[in-house]
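Some notes on the structure that comes next.
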Amino acid sequence: MYRPTWIEIDRAAIAHNVREIKARIGDQSMMAVVKADGYGHGAITVAEIALENGADLLAVALLEEAIELREAGIQAPILMLETLLPEHVSVASNYDVAVPVFSAEWLRQAKQHLTEIDSLRIHIKVDSGMGRLGLQTMEELDELLMELDSDLLELEGIYTHFATADELSSRLFEQQRTTFLGFVERVPHVRYIHAANSAAAIRLAGQDDPFNIVRIGIALYGAMPSDEMIPYYDFLQPAFSLKSQLMQVKCVEPGQTISYGATYTAPTDEWIGTVPIGYADGWSRRFQGYSLIVDGQPCEIVGRVCMDRLMIRLPQEYPVGTEVTLIGTGAPIDEAAHWLGTINYEVLCQFSKRVPRK
Ligand SMILES: *Cc1c(COP(=O)(O)O)cnc(C)c1O
């Protein structure tokens, strides 16, 4: 990459977050969730840091993501969180990747695709109220348990996922926990029982539940699951910064317009800086009007964001090469997320491969 636009990953921050979370979850194991390229931070980097600092297992969404970790030499247990087509279960077995099972029918089909040398580790996925993936009734569970009669299968876990763990007043959260515990009682001798994401892990810490893994995603990266979680997660350190540099700095005259559509007109003489990042990098056009940080000061994006660059209004002349912070100190990820009307999770994973991670 020759263009000075990059994502900076603070490895020490991730290490700190992992250790601090680990200290709060008692004797539960920590599963570091590194799906979507480690929430945009680089899955291999994050997995290695997490494992070095106390994480015990990894989770990804896709089989491709698991294979990437295995090919990088990572040997820790990996659980896939997304569903797999039954015809691909041998691949999961070959790479020693555990998969979720959510129906007896899926398992019946999967068994037909396993060969003698396979050994498929599975986690039963219960839909306790998220309405996404999983079985919903005891009958479905019983039917599924009857399909476990194969030596090629190893039932390793049972889990569920909360819909509202990051909302403190939610009744659904408690309901889901109770529902799930009902399913757990029906499945004796299962090694791993897990439910918590980042928000739930910190809320359920210290409670007398049979859960023995927490699945930590967003908090690893030092971002909040929601504003309501700030008091619980005040120790987090953000690991993600997005930076660039001024490529051209010019003085424009009153009346001059900036960028496509001429949507911005300079009211007086102004210093304008051109920054080499645009919507093809994942920096949305909707950021027009948002402020970036130069020399500690907010500088508004004026005119439309282009595919590969954007323009900001500077308070004074700055030399070409001056650093611009789009996300980082002075420009928190949550502010960018609020501006776009979304959550920090989406912002973190929207940057394209054009932006190198350092
Ligand atoms: C993504 C995901 C997580 C991690 O959630 P965070 O809120 O980022 O901690 C945990 N469990 C499942 C099933 C997920 O899909």
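The shown structure was predicted, so the numbers you read here are calculated from the model rather than taken from an experiment. In what follows, every heavy atom counts, from backbone to side chain, and hydrogens, waters and symmetry copies are set aside. The first residue in the sequence is number 1, and the count goes up from there. Numbering of ligands and ligand atoms starts at 1, following listing order.
- Taking Ile, Leu, Val, Met, Phe, Trp and Tyr as members and joining any whose side-chain heavy atoms lie under 4.5 Å apart, directly or through other members, the hydrophobic cluster of Val252 also contains Ile258, Tyr264, Ile272, Val302, Met311.
- Backbone and side-chain nitrogen or oxygen atoms of Lys125 are examined, and none is located within less than 3.5 angstrom of a nitrogen or oxygen of ligand 1.
- Using a 3.5 Å distance cut-off with no hydrogens or angles, the side chains of Thr160 and Gln176 do not pair a donor with an acceptor.
- Residue Ala219 has no N or O atom closer than 3.5 Å to an N or O atom of ligand 1.
- In this structure, the protein non-hydrogen atom closest to atom 7 (O) of ligand 1 is Tyr345 OH, 2.6 Å.
- Residue Met224 places every heavy atom at 4.0 Å or more from ligand 1.
- In this structure a side-chain-to-backbone donor-acceptor pair under 3.5 Å is missing from Ser93 to Leu120.
- A 4.5 Å side-chain heavy-atom check between Leu168 and Tyr232 finds at least one atom pair inside the cut-off.
- Residue contacts with ligand 1 for Arg132 involve side-chain atoms from C-beta outward but no N, CA, C or O (heavy atoms, distance under 4.0 Å).
- Among all protein heavy atoms, the one lying closest to atom 10 (C) of ligand 1 is Arg215 NE, 3.5 Å.
- Scanning all protein heavy atoms for the shortest distance to atom 8 (O) of ligand 1 gives Tyr39 OH, 2.5 Å.
- Formation of a donor-acceptor pair under 3.5 Å by the Asp127 side chain with backbone atoms of Met130 is found in this model.
- The protein heavy atom nearest to atom 3 (C) of ligand 1 is Lys35 NZ, 3.8 Å.
- With contacts defined as side-chain heavy-atom distances shorter than 4.5 Å, the pair Val126/Val184 does not qualify.
- Residue contacts with ligand 1 for Leu81 involve side-chain atoms from C-beta outward but no N, CA, C or O (heavy atoms, distance under 4.0 Å).
- Side chain of Arg24 to main chain of Glu20: a donor-acceptor pair is present (N/O by atom type, distance under 3.5 Å, no hydrogens or angles).
- Between Trp106 and Pro86 there is a side-chain heavy-atom pair separated by less than 4.5 Å.
- Annotation: atom 9 (O) of ligand 1 to nearest protein heavy atom, Ser198 OG, 2.5 Å.
- What sits closest to atom 13 (C) of ligand 1 on the protein, heavy atoms only, is His161 ND1, 3.5 Å.
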